[in-house]
Amino acid sequence: MEVRGFTDEQGALVAKSWNVMKKNPGEHGLKIFDVAPAAQNMFSFIKDSQIPLDQNPKLKAHAVFVFVMTCETAAQLRKTGKITVEDRHLEQIGATHLKKGVTGEHFEVAKSALLETIKEAVPEIWSQDMENAWAEAYDQLLAAINSQIIKPPSSSD
């Protein structure tokens, strides 16, 4: 998926903030539930769990996954101008979200939570440019996932 306009500066801003946040990404991943408490019902591994959210290993792993995928997207966009995650992996992510009933609105809530989390995690370096860089990386990753969900099945003629 070819993308234009993701600059070296944007990539550097994402990398700089990620280097601070990656020390404790699981904690940062809980922010979505402050923004949208009902989102807990979207995660089967926490819906009926008795484990506190801040101690749930599956939730922490999911948070790390989202941060890492978005950060990797930013790095790929900066270096190559395209997202190079394997289509099969994107298909799997898309299929899982589709099966769980995740919609565009849910992804927007997640994006807002992601940006708010980053802002709170790195207040001393936060800027509008950093917000724009993370938002662009997230949007491009989501577009790549969605392109695999709606891609027609390949035919073997």
Side-chain angles (χ1 to χ4, degrees), residues 1 3-86 89-90 92-94 96-97 100-146 148:
M1 177 174 191
V3 179
R4 295 186 185 268
F6 200 83
T7 66
D8 287 344
E9 181 182 325
Q10 286 176 307
L13 288 169
V14 170
K16 182 178 183 179
S17 53
W18 175 243
N19 283 334
V20 174
M21 293 174 39
K22 70 182 177 185
K23 296 171 187 154
N24 197 358
E27 178 184 305
H28 299 306
L30 297 175
K31 183 66 181 174
I32 191 170
F33 303 120
D34 292 340
V35 174
Q40 290 184 47
N41 295 326
M42 301 295 292
F43 296 88
S44 59
F45 54 82
I46 62 171
K47 192 166 32 173
D48 298 320
S49 175
Q50 299 304 314
I51 302 170
L53 291 177
D54 63 339
Q55 297 172 21
N56 189 303
K58 290 182 180 180
L59 179 59
K60 287 182 179 186
H62 187 270
V64 170
F65 178 77
V66 171
F67 280 117
V68 169
M69 285 289 290
T70 306
C71 195
E72 286 177 357
T73 296
Q76 291 171 8
L77 289 169
R78 186 178 99 218
K79 289 179 185 172
T80 66
K82 60 185 174 182
I83 299 171
T84 57
V85 178
E86 292 181 27
H89 192 62
L90 292 174
Q92 183 180 23
I93 294 168
T96 299
H97 285 87
K100 300 285 184 184
V102 178
T103 66
E105 185 177 306
H106 295 118
F107 283 115
E108 284 302 312
V109 169
K111 178 181 171 181
S112 294
L114 176 79
L115 296 174
E116 186 63 30
T117 297
I118 298 163
K119 180 179 181 178
E120 289 180 12
V122 295
E124 64 286 347
I125 60 173
W126 180 255
S127 67
Q128 186 62 53
D129 288 340
M130 183 176 287
E131 178 177 348
N132 294 342
W134 274 96
E136 181 65 19
Y138 181 89
D139 288 346
Q140 293 302 328
L141 176 60
L142 184 56
I145 292 168
N146 284 336
Q148 295 304 310

**OP:** Side-chain contact test, heavy atoms from C-beta onward, threshold under 4.5 Å: evaluate it for Glu136 versus Phe6 and give yes or no.
**Re:** yes
**OP:** Look only at the side chain of Tyr138 and the backbone of Phe107, and say whether a donor-acceptor pair between them is shorter than 3.5 Å.
**Re:** yes
**OP:** State the NZ-CE distance between Lys16 and Met21, to the nearest 0.5 angstrom.
**Re:** 14.5 Å
**OP:** Supply the atom-to-atom distance Asp129 CG to Gln10 CD, rounded to the nearest 0.5 angstrom.
**Re:** 8.0 Å
**OP:** Rounded to the nearest 0.5 Å, what's the gap from CG on Leu115 to CD on Glu131? Could you check?
**Re:** 5.0 Å
Original post:
So, does Glu120 use its side chain to make a donor-acceptor pair with the main chain of Thr117 at under 3.5 Å?
Top reply: no
Original post:
If you measure from CG on Leu77 to CG on Asp8, what distance do you get to the nearest 0.5 Å?
Top reply: 11.5 Å
Original post:
Are there more than 12 heavy atoms of other residues, nucleotides or ligands under 6.0 Å from atom NZ of Lys111?
Top reply: yes
Original post:
Taking atom types as modelled and ignoring hydrogens, do the side chains of Ser17 and Trp134 form a donor-acceptor contact shorter than 3.5 angstrom?
Top reply: yes
Subject >> Whether over 12 other heavy atoms sit under 6.0 Å from Gln50 CD >> reply: no
Subject >> Smallest separation among heavy atoms of Ala121 and Pro123, with atom names >> reply: C-CD, 3.4 Å
Original post:
Quick one: does Asn56's side chain have a donor or acceptor within less than 3.5 Å of a partner on Pro52's backbone?
Top reply: no
Subject >> Where Ile118 and Met130 come nearest, the two heavy atoms and their spacing >> reply: CG2-SD, 4.5 Å
Subject >> Straight-line distance of Gln128 CD to Leu13 CG, nearest 0.5 Å >> reply: 11.5 Å
**OP:** With rounding to the nearest 0.5 Å, note down the distance linking CG in Leu142 to CD in Glu108.
**Re:** 7.5 Å
